[in-house]
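This report refers to the structure that appears directly beneath it.
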Amino acid sequence: MARRQKAWKLFPVKHELALELSQKLNISEYIAQTLINRGLTDEQKVSEFLHAGADHIANPYDLKDMRIAVARIVKAIENSEKITVYGDYDVDGITACATLYKTLTRIGANVAFYIPDRQTEGYGLNIEALDSLIKTGTKLLITVDCGISAVSEIKTVKELLDVIITDHHQPPPELPSALAIINPKQSGCTYLEKNLAGVGVAFKLCQALWQHYYGTETIFLDYLDIVAIGTIADIVPLTGENRILVKLGLERLTKTENPGLKALIEVCGLHGKNIDSGNVGFAIAPRLNAVGRVSRATAGVELLITNDPEYAQQLASLLDEENSARQAIEKLILAKAEEQLEKIDINAAKVLVLSGEDWHSGVIGIVASRLVDKYYKPVIMISVRDGYGKGSCRSIPAFNIYEALAACSDLLTQFGGHRQAAGLTIPEQDIPLLRDRLNTLAANTLSEADYVPVLTIDSVLPLESICTAFVEQLACLEPYGFGNPSPIFACHDVPLREKKLVGQQSRHLKLKLKNTGVSDVIAWNMGELSDNLSCKDNIDLVFVPKYNEWQGQKNLQLSAHDVRRSLSRNIKKDLDDIAPDRKSVGLVYLTIKKLCQSGKTSVTLQYLADKIFNGYNVVFSENIIDMSLTILEELKLLTRGLKMQGVFELHLAPTPQEKLDLTDSATFQRSLKLRENYLNQHI
């Protein structure tokens, strides 16, 4: 299937506000526009976003029930009662379990942990596990990243076991009868940060415990390297307190002393490198996730809590092997899914519903995501066993998969999830009915435009604006993730000098641009675009500027998100007929200087146009020249008076000692807006 064409969409340009923030904070106007696009519209919010640190981490005791939870844990420690931390098998649950376990161990608790098996037990609390923990002496159970919906399970063991819930999922109408519930989303909790990951909530409990023992002025920041991994992996918004936890955690992760993390970083090939959220999301987290998907997540917790470097190496190797096994299973299921897709009309299908015997339930969600990326249609992958199918659903923004499943609930044994990801259980014989119902629903609610992936672009960025200082300012917006995506920019009508295919199977496309400060472009996994590009044509790019380090050399390059032949060779001509840019104003000024030096001060707009063409082989309209003269007047570089109809008397002012800023001219600011409005309409 050919690469799907993407629609380019530009954020609304906020010129005046971007310029104001740029001047107040001494940052690029394009960086300021990017921050505005993230909802940061005043100086204080931007400053906090860029510079907030540990002093902006909120008091953990602001969370509802925190004091009750701490008091009960302290009592358990004083009485040497056994505490069990009950987690979840994904990265958020693994890291939350490890963080709380390490903290409790450090303050002298008798503590164990329990992670349910994904295949046999499923998510959350179950009675069999709770009975087993009670029989082995557990007196206090603390959940992490789960428990908020365990109403019947906690009711069953209430007389035998005290339970503290720490969770971040949306609370149901009826809450469990636990001793304490720590969840910022619950009713009556005034904690400002509502979007903490499960590991974030567990960390707040750790902070509160530390303050209890070592003073309220103590800011407990240990284990943030672990917290950052879970927060990034759980795809919560990287804004507010989450951003601070991740930012501080990534700084610690690069120089971590945790034996397990050091070993894991080694097997990921990240030793000695500066680790960012991308490294966590695509290298570290998948290996922790793999053990929960393929075997048991216990190994992930053990890796994070061990103090034995040799054992850490063994566990890291195991996680790496499990990740390879997960990739092999994923590749096999993906191939089987593609075989099914070859037998249907994909263009006609509105929702892709695929099923197979004993497809691994820990992997089908990943495969569904890959198929959504490739075909940009909602995908449901169903693993069938013993007459029932368990499915993982992934969708596109325009199709609310949870609501769609609710409309088909009469076919389903159970379902749950949210707008773009969900799970279901269905009798095998009803799978064809589900496919038909969902396709009919999508056909009635979605348009063709809904099936076109959209690249949302922060700004049209002139390539001459990209320099070391710009990339350094851009780095201040990290860490990137959900809620704070990596900025992307566009440029138009750029001359292409060279193209070549690189990498295995010529998967990647490398470009060289003409007459630009940054000439290198790398387009990962876009090798198939090469046939559509010619060095005779100009191109349009969507990109992010980055440093490329190779064999000790470091240079700026553009990492492309999309490349296409320029939509119109006439864009620059059209723009230059609308309003002048910096170069246009400069050519008008240079032409006038030459004329005035030769004694010629009486001119018409057409005379200036002819002189500019003769001197620089550029055609300017009278409108462009007139606007340029107004800009030069506003900058006090010249004065002009009307001598007679159509004839101007020009007088140059002395050359200024300091470099002028063209944006000090109101007409030039208006000119920029006119040009950008045109570009926005032709993105």
Side-chain angles (χ1 to χ4, degrees), residues 1-7 9 123 170 235 293 329-385 387-456 482:
M1 184 177 179
R3 186 180 183 87
R4 182 171 286 275
Q5 184 77 38
K6 295 179 180 178
K9 181 181 178 183
Y123 170 78
Q170 192 64 42
I235 318 180
R293 291 183 180 276
I329 296 169
E330 176 190 322
K331 188 175 181 180
L332 180 64
I333 296 175
L334 180 60
K336 290 181 178 179
E338 292 280 18
E339 285 176 10
Q340 293 186 22
L341 290 172
E342 288 175 3
K343 299 173 184 176
I344 69 170
D345 184 348
I346 294 179
N347 291 325
K350 303 300 182 184
V351 180
L352 305 179
V353 180
L354 308 168
S355 63
E357 198 73 29
D358 275 333
W359 282 350
H360 198 295
S361 61
V363 173
I364 55 175
I366 300 174
V367 175
S369 294
R370 295 200 183 283
L371 292 173
V372 172
D373 289 342
K374 182 174 181 179
Y375 297 106
Y376 205 69
K377 294 175 184 281
V379 176
I380 299 179
M381 294 284 294
I382 303 175
S383 174
V384 177
R385 186 175 189 181
Y388 280 88
K390 289 192 173 182
S392 284
C393 317
R394 300 293 184 269
S395 193
I396 58 178
F399 192 66
N400 187 322
I401 193 67
Y402 179 81
E403 289 185 358
L405 293 179
C408 304
S409 59
D410 57 303
L411 301 176
L412 306 175
T413 305
Q414 63 181 41
F415 71 97
H418 51 84
R419 184 179 186 89
Q420 285 188 249
L424 62 84
T425 304
I426 184 171
E428 182 179 5
Q429 70 269 17
D430 288 336
I431 293 174
L433 282 172
L434 178 67
R435 180 183 294 112
D436 292 343
R437 294 258 291 269
L438 288 174
N439 270 274
T440 300
L441 188 62
N444 292 334
T445 56
L446 300 183
S447 67
E448 285 301 313
D450 292 324
Y451 289 99
V452 179
V454 176
L455 272 175
T456 306
F482 179 64

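Because the structure is a prediction, the values reported are computed rather than measured.
Between Arg370 and Glu330 there is a side-chain heavy-atom pair separated by less than 4.5 Å. Within the 4.5 Å cutoff, no side-chain heavy atoms of Thr445 are placed close to those of Asp450. In this structure the side chain of Arg437 reaches within 4.5 angstrom of the side chain of Cys408, judged on heavy atoms. When side chains are defined from C-beta on, Ile333 does not count as touching Ile366, because their heavy atoms never get closer than 4.5 Å. Between Asn400 and Ser395 there is no side-chain heavy-atom pair separated by less than 4.5 Å. Under the 4.5 Å side-chain criterion, counting only non-hydrogen atoms from C-beta, Gln420 is not in contact with Val372. Contact check for Trp359 versus Leu354: side-chain heavy atoms found under the 4.5 Å cut-off.
Each salt bridge (charged side-chain N to carboxylate O under 4.0 Å, His left out) pair with one or both residues in residues 422-433, not counting sequence neighbours, would appear here, but there are none.
Closest of all the heavy-atom pairs between Glu338 and Tyr375 is OE1-OH, 2.6 Å. In plain terms, the two heavy atoms of Ala398 and Leu446 that are nearest each other are O-CD2, 3.4 Å. What you find for Leu371 and Ala337 is that their closest heavy atoms are CD1-CB, 4.1 Å. For Pro378 against Phe399, the heavy-atom pair with the smallest separation is CG-CD2, 3.6 Å. In terms of heavy-atom proximity, Ile401 sits nearest to Ala422 at CG2-CB, 4.0 Å. Taking both residues in full, the closest heavy atoms of Val454 and Tyr376 are given as N-OH, 4.5 Å, listed atom of the first, atom of the second, then distance.
With Lys377 contributing its side chain and Ala349 its backbone, the two residues share a donor-acceptor pair below 3.5 Å. A donor-acceptor pair under 3.5 Å links the side-chain atoms of Arg419 to the main chain of Pro397, judged by distance alone. Between the side chain of Arg435 and the backbone N or O of Val353 there is at least one donor-acceptor pair closer than 3.5 Å. Of the possible donor and acceptor atoms, none in the side chain of Asn439 sits under 3.5 Å from a partner among the backbone N and O of Asp436.
The line from CG of Leu411 to CD1 of Ile431 is 11.0 Å long, rounded to the nearest 0.5 Å. The CG atom of Leu341 sits 8.0 Å away from the NZ atom of Lys374 when rounded to the nearest 0.5 Å. The line from CD1 of Ile382 to CD1 of Ile426 is 5.5 Å long, rounded to the nearest 0.5 Å. With rounding to the nearest 0.5 angstrom, the CD1 atom of Ile380 is 10.0 Å from the OG atom of Ser392. Summarising the geometry, atom SG belonging to Cys393 is positioned 11.0 Å from atom NE2 belonging to His418; distances are rounded to the nearest 0.5 Å. One finds the NZ atom of Lys390 at 11.0 Å from the CG atom of Leu424 (value rounded to the nearest 0.5 Å).
In Arg385, the CZ atom is not crowded: 12 or fewer heavy atoms of neighbouring residues, nucleotides or ligands sit closer than 6.0 Å. More than 12 heavy-atom neighbours from other residues, nucleotides or ligands sit within 6.0 angstrom of CG on Leu332.
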Full working for side chain to side chain contact (heavy atoms under 4.5 Å, CB included) between Ile344 and Leu352: CA-CA 10 Å; Ile344 69 170; Leu352 305 179; 4.2 Å; yes
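A salt bridge between Glu448 and Lys350 is present, with a side-chain N of the basic residue lying under 4.0 Å from a carboxylate O of the acidic one.
Take Gln429 and apply the side chain to side chain donor-acceptor pair (under 3.5 Å) test, not counting sequence neighbours, and it matches no residue.
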